[in-house]
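The figures here come from the full heavy-atom set of this structure, side chains too, leaving out hydrogens, waters and symmetry mates. Each ligand, and each atom within it, is numbered from 1 in the order the structure gives.
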Amino acid sequence: MNKIDLEILKLLHKNKNSYLSGQKISDKLNVSRTTIWKHIKDLRNKGYQIESITNKGYSLVDIPDKITAEEIKLGLKTDIIAQEIYVFDSLSSTNEKAKQLAGEGKSGGTVIMAEEQTAGRGRLGRKWYSPPGSGLWCSLLVRPDINPTRAPFLTIVAALALEDALYKIDEEFTIFKDKNDLMIKWPNDILWNDKKICGILSELNADIDKIKYAVIGIGVNVNQDSFPDELEDKAVSLKEISGKKISRNKVAQTLLTVFEKYYKKLLDKDYNQLLLKWKDKLNIIKKNIDVYADDKVYSGEVVDISDKGELVIKDNIGNIHRFWAGDVSLRQ
Ligand code: ADP
């Protein structure tokens, strides 16, 4: 989108619910009224519903139900994350695209989004269902100057940010009846009443002592009305919970803003604070769980999350096991 389109949009957003005359817009932007008219037409073609009434002017009635970098940037308050945002209609996977762009030298903070992913992934090659037009499928390319052993903190940062972002969106749209219904499931999912709303997939490219880049893939189920049979019991969208259609641009904006807040703590090497906050949210300390890892099942009580972010469990003969990753389920 060009600069004039963007400036017009800003003005129309500011004056939502009222009319702004073509003359006023042309005075403010210092271009002719004909130019304004051309750009309004341009915006309409992009899906913005702009009403015009003779002698009154223009009014923004509705924005396109599409993810656009411009809409996200309009309300974004970040200075590292999302300085560049790339939005695609369709990608095999936003993480794959992010890795490709990382290889081409794109800077840390770059965000990649797609209306749909045709081969969205979860951990261990599992599929992430990412139908068009309904979710937020996005990847953040970051280049943090931290020791690679601290890389699991990227998932922690993303999980904390996602949860906070959902609370913020809830303040605006009233989605959850009870905030306690939300929880972070170690290590990488956000659940609502045991159903997954968001998933995180972090991938790392590092030398032994330096992170070259990391890609944090985030999927948020926003406006799906239903899921395929095999996911119906496991997955849920914000719309299914609230009955309301939620702007994905708004979700993106909120998420990226909050993400940066936690990411800066990571850059400040504030590991302890992040860890304490995460532990507080995890809800599995002292619980009996099964962990599936390396093709084995380990059963025991969760005794701690280590200062590196590992899950620490004690089995029934007193042995301690530590995990970076694995599938966790609570024992009855
Ligand atoms: P896990 O939940 O086993 O940790 P991942 O985090 O790797 O798995 O995510 C992949 C799994 O999430 C899939 O195997 C599937 O069960 C589930 N899933 C796939 N797409 C979605 C979606 N859009 N929303 C919620 N859950 C999904």
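- Checking side-chain atoms of Asn249 against main-chain N and O of Lys66 turns up a donor-acceptor pair under 3.5 Å.
- Of all protein heavy atoms, the one closest to atom 18 (N) of ligand 1 is Leu231 CD2, 3.6 Å.
- At a heavy-atom distance under 4.0 Å, only side-chain atoms of Lys234, from C-beta outward, approach ligand 1.
- Here the protein heavy atom with the shortest distance to atom 7 (O) of ligand 1 is Arg123 N, 2.5 Å.
- With Lys185, Lys196, Arg126 as candidates, the residue nearest to atom 3 (O) of ligand 1 on a non-hydrogen basis is Arg126.
- Under 4.0 Å from ligand 1, not a single heavy atom of Ile200 appears.
- When hydrogens are left out, the protein atom nearest atom 20 (N) of ligand 1 is Tyr129 N, 2.8 Å; that is the closest non-hydrogen contact.
- The protein heavy-atom contact nearest to atom 19 (C) of ligand 1 is Lys127 O, 3.3 Å.
- Among protein heavy atoms, atom 27 (C) of ligand 1 sits closest to Trp128 CZ3, 3.4 Å.
- By the criterion of a heavy-atom distance under 4.0 Å, neither the backbone nor the side chain of Ile197 is placed next to ligand 1.
- For the 3.5 Å distance criterion, the side chains of His13 and Glu71 qualify, holding a donor opposite an acceptor.
- Between atom 24 (N) of ligand 1 and the options Val220, Leu201, Asn221, the minimum heavy-atom separation is to Asn221.
- When the heavy-atom distances from atom 6 (O) of ligand 1 to Asn188, Leu124, Asp327 are ranked, the shortest goes to Asn188.
- Side-chain atoms of Ser90 and Glu116 form a donor-acceptor pair, as typed in the model, at a separation below 3.5 Å.
- Relative orientation of the Phe323 and Tyr298 rings is perpendicular, given thresholds of 30° and 60° on the angle between their planes.
- Judged by distance alone, with hydrogens and angles left aside, the side-chain atoms of Arg248 form a donor-acceptor pair with the main-chain N or O of Gly135 at under 3.5 Å.
- When only modelled atom types and interatomic distance are considered, Tyr271 and Gln273 share no side-chain donor-acceptor pair under 3.5 Å.
- In terms of protein heavy atoms, atom 25 (C) of ligand 1 is closest to Ala235 CB, 3.3 Å.
- Under the 3.5 Å distance criterion, with hydrogens and angles disregarded, no donor-acceptor pair is assigned to the side chains of Tyr213 and Glu203.
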- Message: Set out, in order, the CA-CA distance, both residues' side-chain angles and the distance that settles salt bridge (charged side-chain N to carboxylate O under 4.0 Å, His left out) for Glu171 and Lys168, then state yes or no.
- Response: CA-CA 5 Å; Glu171 278 168 23; Lys168 286 218 156 60; over 6 Å; no
